[in-house]
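Input: a single structure, listed below in structure tokens.
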Protein chains: 2
Amino acid sequence: MNSQDVILGLLMRGEMSGYDIKHRLESIFSFFYNASFGTIYPTLSKLEKEGYISKMSVIQEGRPNKNVYTITEEGKKLFQAYLHGPIERNEFKSDVMTRMFFGEFLEKDVMIGMLENQLQDAHDKLNRLTEMYKVYKPEMSPTQEICIQIGISDKESLIRTLTQGIERLKKTNEK
Amino acid sequence: MNSQDVILGLLMRGEMSGYDIKHRLESIFSFFYNASFGTIYPTLSKLEKEGYISKMSVIQEGRPNKNVYTITEEGKKLFQAYLHGPIERNEFKSDVMTRMFFGEFLEKDVMIGMLENQLQDAHDKLNRLTEMYKVYKPEMSPTQEICIQIGISDKESLIRTLTQGIERLKKTNEK
DNA sequence: GTGGACATGTAATCTGTTACATGATTCA
DNA sequence: TGAATCATGTAACAGATTACATGTCCAC
């Protein structure tokens, strides 16, 4: 799975500009994928050159022009090939977890500060996910619902475990 | 955070070879970081050239010789610089979640098959983590414990949500 | 005699990010 | 007047993976 697959997938529901795609990725998607403009624009150019999507320039008033892309039949085939191809394993890379793993080499108060930040972060993300679920529920597919439910319960479990962990760390601190 | 930081961290507890490092990364670490030999060996060479670690060749009988690396004072400083530097946000990339998000374009039975595979996978990983926790608990630091607890509760929550999701999907299938 | 564990290393390639470059409009 | 949003694009670089290359010993 790469940016190409994701972009094709997003275009399956209708035309979009590079800018639109970026924002879509930042909202619902951000939990399990992301891409920068430096990836999105070159990928769109490449897909267009190869005939998987087609470009239309839209002249706007009071705003810069934009390029809106539509998926072609060839593009739909390519997306289906991705969906039926081999599944890649999840990738998770966490700086915070790494620091926790090496926690014995870091001052306790610094560690606790970091974990409290993480906790706040998890709360924020949970709130955003819950809000999104409320707003978009009517238009979500069954599997999209599972997707967001996984995200929500993941954050809830993180919050529980972190809270307990921080408490225990603080106790060992007092001794 | 990159391979260099992780390798230095692993060497903080004692000397290791590239092969050792690979195996360590695959066991406890695999939940939040990973690296291939193609990354590990060049990184070790580079760190040695720069004086952050030192190499000793160990001649073994019945096995190929190996290069064992020890962290230097300079290396310890570099690792501390990492631990006190800016924290990078978590990165999560999931092909399965992406396919779930685009689930409306995939046959239901294929989707259910994929999710059942994921469920089995989650069970396996949970078992491995639980086993590891049992075995290594006595020698784990408090923050390492939090680390593995996060991993365990994460998998538990995934199993719950996936199980429910699959059941619901199957029901909509019957209608 | 074949596959797996041990052990190291390089070259080609992929995939992506960051920073730079440009420029209009709107809102405070 | 300065920041934010809209909008696109490129070049330099980073960081990693995969496949290749090599070779021993042990167990089945």
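To find a chain, count down the sequence lines: A is the first, B the second, and so on, and within it residues start at 1.
For the pair Phe37(B) CZ and dC6(C) P, the interatomic distance rounds to 10 Å; values are reported in whole Å. As a whole-Å value, the separation of Arg63(B) CZ from dT22(D) C1' is 19 Å. The distance from atom CD of Glu48(A) to atom P of dT8(D) is 13 Å, rounded to the nearest whole Å. Straight-line distance from the CZ atom of Arg24(B) to the P atom of dA7(C): 15 Å, rounded to whole Å. Atom NZ in Lys66(A) sits roughly 15 Å away from atom C1' in dT25(C) (whole-Å rounding). Nucleotide dG16(C) holds its P atom 13 Å from the NZ atom of Lys93(A), rounded to whole Å. In this structure, Tyr69(A) atom OH and dG9(D) atom P are separated by 5 Å, rounded to whole Å. In this structure, Glu88(B) places its CD atom 12 Å from C1' of dA14(D), rounding to the nearest Å.
Checked against the 6.0 Å centroid threshold, Phe102(A) and Phe79(B) count as a close aromatic pair. Ring-centre distance between Phe29(B) and Phe32(B): below the 6.0 Å cut-off.
In the set dG16(C), dA16(D), dT8(C), the nucleotide with an atom closest to the side chain of Tyr41(B) is dT8(C). Here the side chain of Pro42(A) is nearest to one of dT10(D), dG16(C), dT8(D), namely dT10(D). For Thr39(A), taking side-chain heavy atoms from C-beta onward, the closest of the listed nucleotides dT17(D), dG15(D), dT17(C) is dT17(C). Considering only the side chain of Tyr19(B), dA5(C) comes nearest among dG9(D), dA5(C), dG16(C). Each of dG16(C), dC6(D), dA7(C) was ranked by its minimum atom distance to the side chain of His23(A); first place goes to dC6(D). Distance from the side chain of Pro64(B) is smallest to dA7(C) among dA7(C), dA16(D), dT8(C). Listed nucleotides dT17(D), dC6(D), dT15(C) differ in distance to Ser36(B); the shortest reach to its side chain belongs to dT17(D).
An OP1 or OP2 oxygen of dG9(D) is reached within less than 4.0 angstrom by a side-chain nitrogen or oxygen of Asn67(A). Of the side-chain N and O atoms in Tyr33(A), none sit less than 4.0 angstrom from OP1 or OP2 of dT15(C). Considering only side-chain N and O atoms, Gln60(A) lies under 4.0 angstrom from the phosphate OP1 or OP2 of dA7(D). Look at Asn34(A) and you won't find any side-chain N or O under 4.0 angstrom from OP1 or OP2 of dT17(C).
Judged by distance alone, with hydrogens and angles left aside, the side-chain atoms of Glu104(A) form no donor-acceptor pair with the main-chain N or O of Met140(B) at under 3.5 Å. Judged by distance alone, the side chain of Asn65(A) and the main-chain N or O of Ile59(A) form no donor-acceptor pair under 3.5 Å.
Toward the 5′ end of DNA chain C lies the nearest nucleotide of Gly38(B), the other residue of the pair Met1(A) and Gly38(B) mapping further downstream.
Considering Asp154(B), Ile152(B), Ile148(B) in turn, Asp154(B) is the only one that fulfils the side-chain contact (heavy atoms from CB on, under 4.5 Å) rule with Phe31(B).
Side-chain atoms of Asp20(B) and Tyr69(B) form no donor-acceptor pair, as typed in the model, at a separation below 3.5 Å.
Within the nucleic acid shown, Gly18(B) comes within 4.0 Å of sugar-phosphate atoms alone, with no base atom in reach, counting heavy atoms only. Counting any heavy atom pair closer than 4.0 Å across all strands shown, Ser3(A) reaches sugar-phosphate atoms only and no base atom.
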